[in-house]
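What follows is a set of notes on a single structure, which appears directly below.
From a predicted model like this one, the values you see are computed outputs, not experimental measurements. For reference, positions follow the sequence shown, starting with 1.
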Amino acid sequence: MISWRVLLTGAAIATFATSLAAEARSVGRPWRIGWLDSGGISAARETPFVTALKQMGHAEGRDFLVAARHAEGQFDQLPALAADLVSRKVDLIAAYGDPAIRAAKQETDTIPIVMVSSADPVGLGFVASLKRPGGNITGISDISADLAAKQLDFLKQAVPRLHRVTILTNATGGAKERVRQRTLQAARTLHLSLTIDEVRGLPAAERIFTAMTDHLPDGLAVIGGQQMDGPARIGIAKLALQMKIPLVSDTTFMITWGALMSYQAPYGAQAGRAAWYAEKILKGAKPGELPVEEPTEIRLTIDLETAKAIGVTIPQSLLLLANLVIQ
């Protein structure tokens, strides 16, 4: 039997932890914010987050400090990085992507955590619901799995002869099921023959490409691959370019290495919105009472240099839809 004294003590601890950050500024100490990222320092995804805080009128150094920790694509390093941030007694952790969010959640249930792009926050157990997250986590939900149908549609517009498509993903939980449902539905509508392969890392990607050597698909799509590490993404893009297979990705990052196009909710905008959450929480709001938001800005990017290299002519009608065309 749980005594009321224990329950009240737990509530008092939670209230105290939430109020610590709000009180920090009142005693002249800047907010201490931890940034946890599975990617590399070169990505500097925390930059839009810091910029947004500055645009809100907060000066870095005087009003807030950011301790950034990057796993450089080594997901197994995230627990130690999360533990380091907790040991430094940060007031809040902004965690980018599901692996980082999971690591932060496992390390603390009192320090507020702001999700910066989670593919499936409810299904992965980060929050109780989008409207009422509960606990110490809230933030931005990624919608890449829900964009699957449109990604295939754009690929079909770019390559009218498109028939056989291979989907590469490593989505988990509810996002995995949404990728399957959205792509199968789109395949029927677009009269496509679809293969869905799971990719956890570069070795798996290389095996898939080796297996398709004698029977190349007409197109490739990386969808719902939020937990796919950098080497795998780079390898996939390079191999697609080498084998002249049109590739649409759920991240603009892959265009640098050979993807034909990307369709995604910009990370910068998500990180900027996460700063809004951080400010609310650091001023005293409870994370569990701030609804999780989904991105509203989606961007289509097309690389004409890659199109030329793989022998694809992008129709003018599709170019007019693009937010960015790389010449």
Whether over 12 other heavy atoms sit under 6.0 Å from Gln181 CD: yes
pair [X]-[Y]: side-chain heavy atoms closer than 4.5 Å:
X      : Y      : result
Leu130 : Pro121 : yes
Ile140 : Pro295 : yes
Leu282 : Ile33  : yes

Presence of salt bridge, Arg233 and Asp250, under 4.0 angstrom: yes
Reported CD-to-OG1 distance for the pair Gln270 and Thr296, which is rounded to 0.5 angstrom: 10.0 Å
From Leu124 atom CG to Asp98 atom CG, the distance as rounded to the nearest 0.5 Å: 5.0 Å
Asn136 (side chain) donor-acceptor with Ile111 (main chain) under 3.5 angstrom: yes
Derivation and outcome, side-chain contact (heavy atoms from CB on, under 4.5 Å), residues Thr138 and Ile281: CA-CA 10 Å; Thr138 188; Ile281 294 168; 4.0 Å; yes
Option from Ile302, Thr251, Thr252 for which side chain to side chain contact (heavy atoms under 4.5 Å, CB included) with Ser262 holds: Thr252
For [X] and [Y], which heavy atoms make the closest approach, and how far apart are they?
X      : Y      : value
Arg182 : Asp146 : NH2-OD1, 2.9 Å
Pro231 : Leu202 : O-CD1, 3.7 Å
Ala205 : Ile236 : CB-CG1, 3.7 Å
Ala71  : Leu78  : CB-CD2, 3.7 Å

Would you be so kind as to tabulate the donor-acceptor pairs closer than 3.5 Å made by side chains of residues 184-198, with sequence neighbours excluded?
from, atom 1, to, atom 2, distance (Å)
Thr189, OG1, Gln185, O, 3.2
Glu198, OE2, Lys176, NZ, 2.6

Under 4.5 Å side-chain linkage, directly or through intermediates, the cluster mates of Leu65: none
May I have the list of side-chain donor-acceptor pairs in residues 207-225 shorter than 3.5 Å, sequence neighbours left out?
from, atom 1, to, atom 2, distance (Å)
Thr210, OG1, Glu206, O, 2.9
Thr213, OG1, Phe209, O, 3.2
Thr213, OG1, Thr210, O, 2.9
Asp218, OD2, His163, N, 2.9
Asp218, OD2, Arg164, N, 2.8

Ring centres under 6.0 angstrom apart (Tyr96, Tyr267): yes
Show the atom names and distances, to 0.1 Å, of all donor-acceptor pairs under 3.5 Å that link a side chain in residues 306-327 to residues at least two apart or in another chain.
from, atom 1, to, atom 2, distance (Å)
Asn323, OD1, Leu300, N, 2.7

Quiz: residues 148-159 side-chain donor-acceptor pairs under 3.5 angstrom, not counting sequence neighbours:
from, atom 1, to, atom 2, distance (Å)
Lys150, NZ, Asp153, OD2, 3.2
Gln151, NE2, Ser249, O, 3.3
Gln151, NE2, Tyr263, O, 3.3
Asp153, OD2, Gln157, NE2, 3.3
Lys156, NZ, Pro160, O, 3.3
Lys156, NZ, Leu162, O, 2.8

For Arg69, all residues meeting salt bridge (Lys or Arg N to Asp or Glu O under 4.0 Å), sequence neighbours excluded: Asp84
